[in-house]
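Just the heavy atoms: all of them, side chains too, but no hydrogens, waters or symmetry mates, feed the values below.
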Amino acid sequence: MAVRKFKPCTPGTRNKVISAFDDITCTKPEKSLLEPLKSSGGRNNQGKMTMRYIGGGHKKMYRVIDFLRNKDNVPATVKTIEYDPNRSARIALVQYEDGEKRYIIAPNGLTVGQTILSGSGIAPEVGNTLPLGEIPLGTLVHNIELRPGQGAAMVRSAGAFAQLAAREGNYAILRLPSGETRMVLCTCRATVGTVSNPDHNLESHGKAGRRRWLGRRPRNRGVVMNPVDHPMGGGEGRASGGHPRSRKGLPAKGYKTRNPKSTSNKFIIERRKK
């Protein structure tokens with residue numbers, strides 16, 4: 001997997017860096033695993049804008065992803081590696097021995113024709129999903145459950161991985177991409193390997209239109225607004241805006257917004273790095 005850089009033939013290609021898509025093996029998705037995806041434009045059920053800077057964008061269909069991986073001890077063969085417009089990672093179409101097809105988040109290094117498994121008592125190989133209690137220490141994992149049977153909730157974006165650092169009693173200690181170290185029950189499942197498309201962070205849109213295709217509208221800085229619109233607005237000339245804060249007045253830098261009574265605090269050993 002690599003990225004493509006363009007010659008500056010036009011202003012839009014001068015800084016454009018996109019994925020080479022050399023890992024994609026199929027251009028048409030599996031129809032049985034598609035669902036319609038409604039675009040809200042940032043409006044609620046009354047038509048009022050509740051989220052700014054959202055709207056437009058290319059029409060998309062949702063690919064139903066199997067985050068549970070609950071078809072245990074049934075071998076599945078990788079049929080295709082595909083692009084998914086709804087996420088940064090690649091997805092893989094797998095077919096089980098009984099003929100059922102499912103989409104999964106493709107790990108880095110997964111190839112067409114490879115066989116993967118899920119369940120207890122299987123080998124900790126790339127693409128296999130098994131409980132954290134059975135994965136060797138030091139292994140890189142992704143698609144981690146927070147509660148047994150919930151389905152993958154953590155470490156799902158392109159190039160991400162967590163490391164299984166230790167085990168204490170019923171809990172596994174994971175070092176997450178953010179730098180946070182936390183405990184997760186050993187009965188929770190995780191997939192071995194790192195998430196595909198690791199060069200995603202090297203991509204650059206190159207022009208505003210490419211962001212519009214993704215459904216992202218222009219974003220105004222608070223400093224250039226009027227005092228009625230933003231706490232940092234107003235002033236003569238190019239005023240700096242005072243203390244950085246959100247539109248609601250909450251400080252933007254260094255102010256802790258996490259609830260100190262959050263029940264998950266007891267599972268966090270070390271907070272993420274600032």
Side-chain angles (χ1 to χ4, degrees), residues 1-29 34 37-43 49 51-63 65 80-93 103 105-112 140 142 155-161 177-179 193-226 229-230 232-233 235 237-241 244-247 252-253 272-274:
M1 280 171 273
V3 292
R4 274 180 68 198
K5 292 185 178 179
F6 289 78
K7 290 181 180 179
C9 301
T10 63
T13 56
R14 184 174 297 279
N15 298 307
K16 186 178 179 182
V17 183
I18 63 169
S19 173
F21 299 106
D22 51 2
D23 52 333
I24 303 292
T25 62
C26 180
T27 55
K28 288 189 177 181
L34 293 181
L37 191 64
K38 180 178 171 287
S39 179
S40 69
R43 271 77 174 169
M49 185 187 287
M51 293 292 289
R52 296 178 295 165
Y53 319 126
I54 295 174
H58 201 287
K59 197 171 185 180
K60 297 180 288 191
M61 293 286 279
Y62 180 72
R63 278 78 169 159
I65 308 292
T80 59
I81 306 291
E82 299 178 20
Y83 169 78
D84 188 352
N86 305 300
R87 63 193 73 249
S88 55
R90 303 285 183 247
I91 57 174
L93 179 67
Y103 274 129
I105 300 284
N108 202 17
L110 194 75
T111 55
V112 174
L140 301 182
H142 64 282
V155 194
R156 306 189 329 192
S157 60
F161 60 85
S178 62
T194 64
V195 185
S196 54
N197 197 20
D199 294 328
H200 176 72
N201 63 335
L202 302 176
E203 293 182 25
S204 173
H205 295 314
K207 63 178 183 179
R210 205 152 180 266
R211 286 182 66 83
R212 299 303 297 264
W213 300 340
L214 298 174
R216 295 168 191 169
R217 297 183 62 239
R219 191 181 186 101
N220 272 30
R221 292 172 299 139
V223 174
V224 300
M225 296 182 190
N226 292 320
D229 299 314
H230 203 280
M232 293 166 63
R238 295 193 170 181
S240 64
R245 53 188 66 241
S246 72
R247 194 176 189 183
K253 295 183 178 177
R272 69 179 187 272
K273 295 176 179 66
K274 290 184 180 177

- [ ] Decide yes or no for R4 and V17: does some side-chain heavy atom of the first lie under 4.5 Å from some side-chain heavy atom of the second?
- [x] no

TODO: Measure the spacing between OG of S40 and CE of M51 and express it to the nearest 0.5 Å.
DONE: 9.0 Å

Task: Flag side-chain contact, heavy atom, 4.5 Å: R63 against P85 - done: yes

TODO: Output yes when a side-chain donor or acceptor of R216 lies under 3.5 Å from a complementary backbone atom of L214, and no otherwise.
DONE: no

Task: For the student: nearest non-hydrogen atoms of Y83 and I24, plus distance - done: N-CD1, 3.4 Å

Task: Flag side-chain contact, heavy atom, 4.5 Å: L93 against C26 - done: no

Open item on the list: Looking at every non-hydrogen atom in both residues, tell me the closest pair between S88 and A158 and how far apart they are.
Closed with: OG-N, 3.0 Å

Open item on the list: Tell me whether N15 contacts the main-chain N or O of S204 through its side chain, where contact means a donor paired with an acceptor under 3.5 Å.
Closed with: no

Open item on the list: Just verifying a value: how many Å separate N197 CG and D84 CG, rounded to the nearest 0.5 Å?
Closed with: 11.5 Å

Open item on the list: Using side-chain heavy atoms (C-beta onward) and a distance below 4.5 Å, is R217 in contact with R212?
Closed with: yes

Open item on the list: Can you confirm whether M61 is buried at CE, in the sense that more than 12 heavy atoms of other residues, nucleotides or ligands lie under 6.0 Å from that atom?
Closed with: yes

Open item on the list: Does atom CZ (F161) have a neighbourhood of more than 12 heavy atoms from anything else shown, all under 6.0 Å?
Closed with: no

- [ ] Would you check if R156 and V195 make a side-chain contact, meaning some heavy-atom pair closer than 4.5 Å?
- [x] no

Task: Separation between OG1 of T25 and CD of E82, rounded to the nearest 0.5 Å - done: 7.0 Å

- [ ] Flag the pair I65 / R87 as yes when at least one side-chain heavy-atom distance between them is below 4.5 Å, and no otherwise.
- [x] yes

Task: Considering all heavy atoms, the nearest A92-I81 contact - done: CB-CD1, 3.8 Å

TODO: Give a yes or no answer on whether the side chain of H142 reaches the backbone of G193 with a donor-acceptor pair at less than 3.5 Å.
DONE: yes

TODO: Using modelled atom types only, decide if a donor and an acceptor are shared between the side chain of R14 and the backbone of G206 within a distance under 3.5 Å.
DONE: no

TODO: To the nearest 0.5 Å, tell me how far T13 OG1 sits from I18 CD1.
DONE: 11.0 Å

Open item on the list: For a quick test of reading the model, state the closest non-hydrogen atom pair linking V223 to S240 and the distance between them.
Closed with: CG2-O, 3.6 Å

Task: Atom pair NZ/OG of K60 and S39 - distance to nearest 0.5 Å - done: 8.0 Å

TODO: Report yes if some heavy atom in the side chain of K207 is under 4.5 Å from a heavy atom in the side chain of K16; otherwise report no.
DONE: no

Task: Exercise: identify the closest heavy-atom pair between V155 and P177 - done: CG2-CD, 3.9 Å

Task: Listed partners of E203 passing side-chain hydrogen bond (donor to acceptor under 3.5 Å, both in side chains), at least two apart - done: none

Task: Closest non-hydrogen atom pair between R221 and M225, with its separation - done: O-CG, 3.6 Å

Open item on the list: Is there a side-chain contact between Y103 and P29 in this structure, where contact means two heavy atoms from C-beta onward sitting under 4.5 Å apart?
Closed with: yes

Open item on the list: Please check: side-chain N/O of S196 versus main-chain N/O of A89, any donor-acceptor pairing under 3.5 Å?
Closed with: no

